[in-house]
Each structure stands twice: as C-alpha cells, then as structure tokens.
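See structure below.
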Amino acid sequence: MAGRKLVATTAQVGDLLRAVVGEAGADNGATVESLLGEGIDPHTYKLTRSDTVRLLAADAIFYNGLLLEGKMADALQRLAADGRPVTAVGDALPRERLLQPAGFEGSFDPHIWMDVSLWRAALAVVRDRLSQLYPQDTARFHDNAAAFDAVLDRLDGYARTVLGSVPAPQRVLVTAHDAFSYLGRAYGVEVVGIQGISTESEAGLRRIEELVALLADRKVPAVFVETSVSERNVRALVDGAAARGHTVAIGGSLYSDAMGAPGSYEGTYVGMIDHNVTTIARALGGEAPAGGFQGRLPGRA
Ligand code: ZN
C-alpha cells in the first residue's frame, strides 16, 4: 500500500490508522491525514472546500461515526454511496459495548475513545478493514496492531490505577459537555457534563444551580474545561460555587473531542489519554507519577 493516501476525520481515528499502517516513508507506510485539528469541535464542524478536495483524493476514508461528525455525516455517506471505501469505525463496534444516552433512544454515545479497552476494539476494526482493502499487507497490519494494542493495554491499566486512587466521594468528573461517559463507566468515575452529549445545546441556569449544589455537597475540589469547548459554562459553575462558600478550582484543561497539537505528545492518542487521566486524578485528590504514564507529561505544576 506504499504511496496510498488515507484520510481520517478526527485526529483520534488518524492516530489508529498511523498505528496500523506505519508512517509514510517507513517500509510500506502510507500517508495519513486528519481533517480535524487541535481544538476543533467535531459536533459542529462543517467540511471546507479543501477538506472535500482531500476526501475526493483519498484512497480510503475512516471516520468515527455514531453521529459524532454531525455536519459531515451526509457528505461521508454520499462518498460511500459512490462506491468509495468509507469506514465508520464506531458503527462497526459491538452494540452491547456502546452507551445509549438517556433521551436519545436508538442512538449511541459517540465518544468511544474515552475508554481505552473500547478503543482497542476500534483498533481491531481498523486493522480488519485495512486488511480487507489491502490484503497483501495483512501480516504487517496485524503485527503493528498487536504492538499498539499492548501499549493500550498498559495505558488502560494506568488509567484504572490513577483514577482509582481518587477518594471515592470525590470521584466526580464535571466537564463542559458529556464527552466522558465511557471513561466514567470504564474507570469508576461519576461523570457530569454541563451541556449534553453534543456541544450544540445551551446550559440553562437551573442546570448550573444543580451542579453547584452537587459540588458543594460532595466537596468536589475541581471541575475541568475542555480544549475544544468554550469555558464560559465551567466558569459560571466555579463562580456559583464560590457564592455558596465552596471553593472549586479549575483542575485543568482536558482533551475531550480534539487531541493536542500535531507533533506533541498530547497530539497522540496515548498522550491525550495520559494527560486526561493524570490531570483528573491529581486535581481530584488522587495520586499519579510525576511524568504520567510513561514519563512524557510535564511534572505537577
Ligand atoms: Zn463531544
């Protein structure tokens, strides 16, 4: 498959492709591009003309699916209907492993990368689909996927350990929108988003009041902002808690739907998850090693 061009929507899916095919320039590697950069919100992002050009030039297209890419899904489905190899990774996962958000009967929570064990299943989907498209490279895809899967297995264990070190009553993750339910299910954290499953709805005043009461009652020390979502609602929560005499810190900025800068550690899937779980554990009163999962995070500030 040398010389092939693969295009992903999210950087998370692009990271999976890179792990399975290997970098361009390496033996038989391919070019992998992600359309959604640092800080970009996939729920509301609309394809640009240059994105469309890149999609049309791709040999194969991979996207998250499960309606994450709300404004892109039609275009992606049209490309698939035209006979292009388009794969929605999340839609190929076993339904019984997916969460159905309350009030959204028949649809599934798309934030599947937040549970590392579920992302390992996504890795297998990508490996099998690439093997189907480029059968001559099947053995290499399997070797690469197995190597990455071993890293993910250790990362999953790390997340469980550091989040498990947070005292139980404070194991509450309050963030701007509902992107962390899979993390909550996998690692035993109660997860509360100020906004719903998408970033499109507005958070009402009553929602803020409810959350202020929760934070004060449970003595939750910190709430979190997200790199791809406005901080406004989180700030309102911190101010509301202060007015009730409960000091809540902003525990850090989490990578919810977008990864960090390309080329940085947080611009990889492993770095993104390491940053998130390490930041959450520390801010909520748990323990995490100074450099995180593999010594590559900046030490405690
Ligand atoms: Zn989201």
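Atoms within each ligand, like the ligands themselves, are counted from 1 in listed order. All values below come from the heavy atoms of this structure, side chains included, with hydrogens, waters and symmetry mates left out. Remember, predicted model here, so these are calculated numbers, not experimental data.
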Task: Identity of the N, O or S atom of D257 lying closest to the Zn ion (ligand 1) - done: OD2
- [ ] May I ask you to decide whether R78 forms a salt bridge with D74, counting only side-chain N to carboxylate O separations under 4.0 Å?
- [x] no
Open item on the list: Is it true that Y45 and D51 share a donor-acceptor pair across their side chains at a distance under 3.5 Å?
Closed with: yes
Open item on the list: Only to 10 degrees, please: what angle do the NE2 atom of H43 and the NE2 atom of H177 make about the Zn ion (ligand 1)?
Closed with: 110°
TODO: Just give me the atom name: the N, O or S atom of H111 closest to the Zn ion (ligand 1).
DONE: NE2
Open item on the list: With a cut-off of 2.8 Å, does D178 put an N/O/S atom close enough to the Zn ion (ligand 1)?
Closed with: no
- [ ] For the pair F293 and Y158, name the ring-plane relationship: parallel under 30°, tilted 30 to 60°, perpendicular over 60°.
- [x] tilted
Open item on the list: Would the distance check show the side chain of Q12 and the main-chain N or O of D257 forming a donor-acceptor pair, the cut-off being under 3.5 Å?
Closed with: yes
